[in-house]
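Some notes on the structure that comes next.
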Amino acid sequence: MKRIVIIGASAAGLTAAETLRRRGWSGDLTLIGEEPHPPYDRPPLSKQILTGAWKPERATLRSLPDLARLEADLRLGQRATALDVEGRQVRLDNGESIGFDALIIATGVAPRRLPDSDLAGVHVLRTLDDALALRAALLTGTRVVVVGAGFLGTEVAAAARTMGLTVTVVEPEPVPVRRPFGDRIGELVAELHRDHGTRLRCGIPVRRLRGAGGRVTGVELGDGTTLPADVVVLALGSTPATRWLTGSGLRLGDGVVCDALCRAAPGIYAAGDVASWHNPHFGTRMRLEHRLNATEQAMAAAGNLLGDATPFAPVPYFWTDQYDTRIQAYGIFPPDADMRIVHGDPVDGYFAAAYGHHGRVVGILGWNTPRQVRTLRRLVVERASWTAFTVTPALRPATVN
Amino acid sequence: MKVIVDQNKCVASGQCVLATPEVFDQREEDGIVVLLTETPPEHLADDVRQAAALCPAQAIWVEEQEKKE
């Protein structure tokens, strides 16, 4: 093996490169990123970068000397356009082809859009440039409509509201963040936003964007009413960036379909938002768009590429910051899971909840309780029995720290 | 090695405590990182490097020092 190529130079791609070096790979290493910026961190984009609390440089993942120490052929502003699995080559948008002996795919996801998304004033948020463009619009805008009340939509709404704008969030589901966390937590998130003066229009679909003279003027809802807006943010979720792999022969489903080793084909691995793999801990296939997973999966994929043969079986972790509230979660949150508050009380503004599914604890959620969720995580790791857990009246303070 | 943490960047994920409880803790009130020792013993070096690599806020740095002969 002479050359390892990594496609994607964000958190997962960078971590894969660093892991390969840390683990002793001294051969050629090529890291290819579509964006012109050196690798940066995405979670601050919808928070500190948007509000201006951080300058963009603060989100940079590595200093230039640190990047140089990788001794990698780092190609920024170059996009992979095709993969030849048999011929062991990746084609780039500049026409060049790069040969590889092993490949790691970390191309992430692309935001979903609506028809007429090209109207001025309509934004998505995935890249640093997206965040800076949206920040500029928020600085001059007055009325913002956020379409979609998932994590990104609710974080953007909180940031815009903090900046003093009039903010409305539109969501077809009856409450925000319902898919990840269910109705009860969703209602608490709705309350949090209402308390801060953010308007919510839940349970109603968006029909179309309205515009005049090439600029967006509002968002028309399913009931025929129109919310006037000078800034519209589309937070409709993302699709895995796999179009360049069409026809490559790799299996594409919800992302690059990998086995439990994060392997898509012999010598070809995937990591981060783009990778769908079988997680043996939960016995289910998953694809995660979480910051920590980008790191953990890149480490696992790089290790397996070097011969570890270790199934990637993490307990997922993710978090969201909205106003002064931090929600943290470990595990999975199936829609038909049972949920129970196990520490604190929502009325006090801090609590932890456990989620049970098929007789096991599968998820832990914390609302302003970082130390408690870290301790309770053990229940998910150990697949604690849900029934044994729920017969205990409540967790004594001594059980959590 | 020398360890540096940035409490302003920390997002209280606790990954560092899971990786190296001998070196990291979390503040009681908000879960922000607390460094228990700036210069961890050699046998914890790999765990500390893992903690720095895992930190989802990139709030931990490790300065590797030349070994004195």
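Lettering follows sequence order; numbering is per chain, from 1.
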Distance, nearest 0.5 Å, that separates CG of Leu54(B) from OH of Tyr317(A): 12.0 Å
Side chain to side chain contact (heavy atoms under 4.5 Å, CB included) between Leu18(B) and Arg377(A), intermediate numbers included: CA-CA 10 Å; Leu18(B) 292 169; Arg377(A) 168 185 183 272; 3.6 Å; yes
Pick from [options] with the largest number of heavy-atom pairs that fall under 4.5 Å of chain B:
| options | value |
| --- | --- |
| Gln328(A), Arg22(A), Arg326(A) | Arg326(A) |
| Thr369(A), Asn368(A), Leu292(A) | Leu292(A) |
| Phe318(A), Trp319(A), Tyr350(A), Trp54(A) | Trp319(A) |

So, do [X] and [Y] sit near enough that their side-chain heavy atoms are less than 4.5 Å apart?
| X | Y | result |
| --- | --- | --- |
| Lys9(B) | Arg58(A) | yes |
| Val11(B) | Lys47(A) | no |
| Arg374(A) | Gln15(B) | no |

Residue pair Arg62(A) / Gln58(B), side-chain donor-acceptor N/O under 3.5 Å: yes
Which portion of Arg27(B) sits near chain A, non-hydrogen atoms under 4.5 angstrom: backbone
Region of Asp30(B) that comes under 4.5 Å of a non-hydrogen atom in chain A: backbone
Within 6.0 Å of CD in Gln7(B), more than 12 heavy atoms from elsewhere: yes
Exercise: identify the closest heavy-atom pair between Pro370(A) and Ala12(B): CB-O, 3.7 Å
Leading residue by heavy atom contact count with chain A [cutoff under 4.5 Å; candidates Gly31(B), Gly14(B), Ala57(B), Pro56(B)]: Pro56(B)
